[in-house]
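See below for the structure under consideration.
Proteins get letters first, then strands, A, B, ... in listed order; numbering begins at 1 in each.
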Protein chains: 2
Amino acid sequence: MTQALAERLAGVVGPDHVLVDPAVVEGYVRDWTGRWRGDCALVVRPADEGQTAAVLAEVAAAGLRVVVQGGNTGLVAGGVPEAGDVLLSTTRLTRIGPVNPVAGTVVAEAGVTLAALQDFLRPHGLELPVDLAARESCTVGGMAATNAGGIRVLQQGMMRSQVLSVDALTVDGRPLVRMHPLVKDNTGYSLSALLVGSEGTLGVITRLLLRVVARSASRAVVLLGLPGVQAAVDVLAEMRVRVPQLRAAELVDDACLRLVLAATGEPDPLPRRHPAHLVLELADGPAGLDRLLTALAGAGVTDDPLIDLAAADDAAGVRRLWGYRDRITESVSAFGVPHKFDLSVPAARTAEFVERCGALVREWPTRDPLSGRSPRPFFFGHLGDGNVHVNILDADPRDDALDDAVLTLAAQHDGSISAEHGIGRAKAHLLRLNRTGDEVAAMLAVKRALDPDGRLGRALLPFDGARRPG
Amino acid sequence: MTQALAERLAGVVGPDHVLVDPAVVEGYVRDWTGRWRGDCALVVRPADEGQTAAVLAEVAAAGLRVVVQGGNTGLVAGGVPEAGDVLLSTTRLTRIGPVNPVAGTVVAEAGVTLAALQDFLRPHGLELPVDLAARESCTVGGMAATNAGGIRVLQQGMMRSQVLSVDALTVDGRPLVRMHPLVKDNTGYSLSALLVGSEGTLGVITRLLLRVVARSASRAVVLLGLPGVQAAVDVLAEMRVRVPQLRAAELVDDACLRLVLAATGEPDPLPRRHPAHLVLELADGPAGLDRLLTALAGAGVTDDPLIDLAAADDAAGVRRLWGYRDRITESVSAFGVPHKFDLSVPAARTAEFVERCGALVREWPTRDPLSGRSPRPFFFGHLGDGNVHVNILDADPRDDALDDAVLTLAAQHDGSISAEHGIGRAKAHLLRLNRTGDEVAAMLAVKRALDPDGRLGRALLPFDGARRPG
């Protein structure tokens, strides 16, 4: 049957874009963490919305499940299919434009990468105000489907604040939502807003109207060394009010900084070691730095003998200081395969959570069978959003109990088990840590309303009992 | 039966908060435009979420329909009930807090007015970045339910960008969504985002977690006189890129300005008359004005002999210049009962739409039976959002054909028949101008998923054929 479907799909998208060779398919069914591996009947890559609709209609006739995949940069296996599924790759939906500088909008197809979009917008003096490390590969469709966040949420919000409307199809290939080229459009339920964060389970996004903002020519950055996470929270509370245009506020703990120094050979940015660091960013190089330093002085930070400070308002200096934050992920990976968590907790409980989670990890009974060492925690992330990324080195890679313990601890601190990465398949069994039975029932009712046969996607809701495929 | 229900509800909320006296009920069933008048079995005013749930359960047992109403400031009759309905007023749900300056959030119950919220936030140096004229009466619950906009959407987005999560109940009084006190929380479909803009037809919002921003101590404003709407669009395109932090960009046509001058006795702000005006605002008084004027000079605006300019960077001057925009609505009302429209069109078609719509109105065959004059159009609004408010004086107040003609013209210009006010009941029969049959079917499927008996609300979807009640 797969053979017959493959031939019909080849008639739609051309034979080059129906992939069945296991060696080629492998790149689509394995997620980039390497921790998840699925399977599928075939991969199909339509070139436009018309082809996408025709593909979906053919797959519907065959009664197969569809998993939509963008850049395959997800961290929770939301785009990993199972045997017999059709994997619909959006990577050929790459048209961009028009851009509208008056409204501050741009139109982009779902498969446009974040980097390609920013390159397109740069000559217009504009940018999408969501930025994240996977920018070269992640697609705007995937970013919308997962409600991606990143470092600028503090000022600009997540993808849901940028997605003004979408073109989307039902799992059967019928139109579900039509994009209007408008900033304001209160005409009925916002199915677009509902699709954002639905992780590819309610509709197939083919095109988006995105909010864009003026690109700042230069930036100012301050890196503070502080006596602890609570001190970082307290400084940030002052700075948010004193500096309305604060663009980013990132936490870096001492363990992260030591790891980055060891992995990169960069010099220590501060004269002394500190338990926690806070990276603050503002637009407008020198003027921005003036405002940051004035506000820090006003808040009593500059004169505090326990606090050290490094600052930059030139491009090279800004890049250098951001390096201590941006290079944490690669530095962690240089020392092993980490357990990675994307949590959020209320600001008032962040310091308490970091302390308890650190103790939990350090006292964890199992070790990495290769290194023989005990687990070591690393805490960093978007402090303004309460979004803590916890990485753990020297834990047994197969030890799922550690994952569940950390996520449960976050939920016990009124936190979320998924701040920005999504539930995917990795956390579907834990959704009830954050959502009540009533809420899951309501989500399932919405799912049934838009995908009655449950053929779209494998992420998010525990439609079946499977935990880890392949 | 109403008597029995009233007694049971009195047992829940106390007898003072079940209203059946027609003279008292009148204030709830008539909308503030005076154009719509409904009816209801009774008005009930619960004091907290527990009472709200108990009220909804009692009404469910009685099988009646529920219409939720906040400040009753809607312009499209979304909160106007019909005979036999229970009107659930949220005006006693007025608790505010806690505020969280680190995360930039505040918790507020649904019945908190915008003005009360801003008063609460002011000592913290914070504000909700949505502001609108009905601020003394409109409630944050109603603002969320209608996805309210206002003058700061350009920079901060609509209510959907401010509502991080909600507590909401089903029409039966069961929990539908639970608020998490988190900025980032990608755990399942965002039912909160779906409720925003659903006009009270999917769930009953009782409490909200709202995004707040640092309050700017001072502002700078420039009022430009320009050769036409297209010139205003062109200047704005330049300014959006040159001044990233532009807070507002409002259009005021010559007819509006003349009317304000006549109604208020204020002096003309500019030395010459101009077909169109653009009001631009930035934070930070003197420094902001510097940036505005530098950018205008860079864009060649300052030297243009056709353009006049007035500017202010002090509180009194800013208030005076904003008066020419803010007082349009009251000035229009001083000269008659207007037809009012809330449209949006793409920026590229705004000038064309204004011209054609002006011609349509001026050539309209019917007249105001009282004044005997022909209809006169007034154009103003949020130019950056393509959001044009059209007011028409000297038209027959009962002439619905004029309304339909203007809205149809907007749709023909790729525009929306509701930019920010919503569909309500007033435009339900016109929803298909903007939404396809597939889209309406999907909305109805979502409605059935969350309110299977169709007992919640009367706005938005054409569940019944009635157009204007009472």
Any side-chain donor near an acceptor of the partner, Thr436(A) and Arg178(B), under 3.5 Å: no
Is there a donor-acceptor contact under 3.5 Å linking the side chains of Asp185(A) and Ser416(B)? yes
Which atoms of [X] are under 4.5 Å from chain B, going by heavy atoms: the side chain, the backbone, both sets, or neither?
X         : result
Asp284(A) : side chain
Asn434(A) : both
His124(A) : backbone
Met443(A) : both

Which of Pro452(B), Ala193(B), Gly188(B) touches chain A most, by non-hydrogen pairs under 4.5 Å: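 Looking at each of Pro452(B), Ala193(B), Gly188(B) in turn, Gly188(B) comes out on top.
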Under a 3.5 Å distance rule, please check whether Asn186(B) uses its side chain to pair with a backbone N or O of Glu420(A) as donor and acceptor. yes
Kindly give the heavy-atom pair with the smallest separation between [X] and [Y], and that separation in Å.
X         : Y         : result
Val345(B) : Leu182(A) : C-CD2, 3.5 Å
Gly384(A) : Val183(B) : O-CG2, 4.5 Å
Pro101(B) : Arg240(A) : O-CD, 3.2 Å
Lys184(A) : Gly150(B) : NZ-O, 3.4 Å
Ala442(A) : Leu191(B) : CB-CD1, 3.8 Å
Val446(A) : Leu450(B) : CG2-CD2, 4.2 Å

Compare all side-chain heavy atoms of [X] with those of [Y] and state whether any distance is below 4.5 angstrom.
X         : Y         : answer
Leu176(A) : Glu439(B) : no
Gln155(A) : Gln156(B) : no
His180(B) : Asp414(A) : no
Pro244(B) : Ser216(A) : no
Val241(B) : Leu126(A) : yes

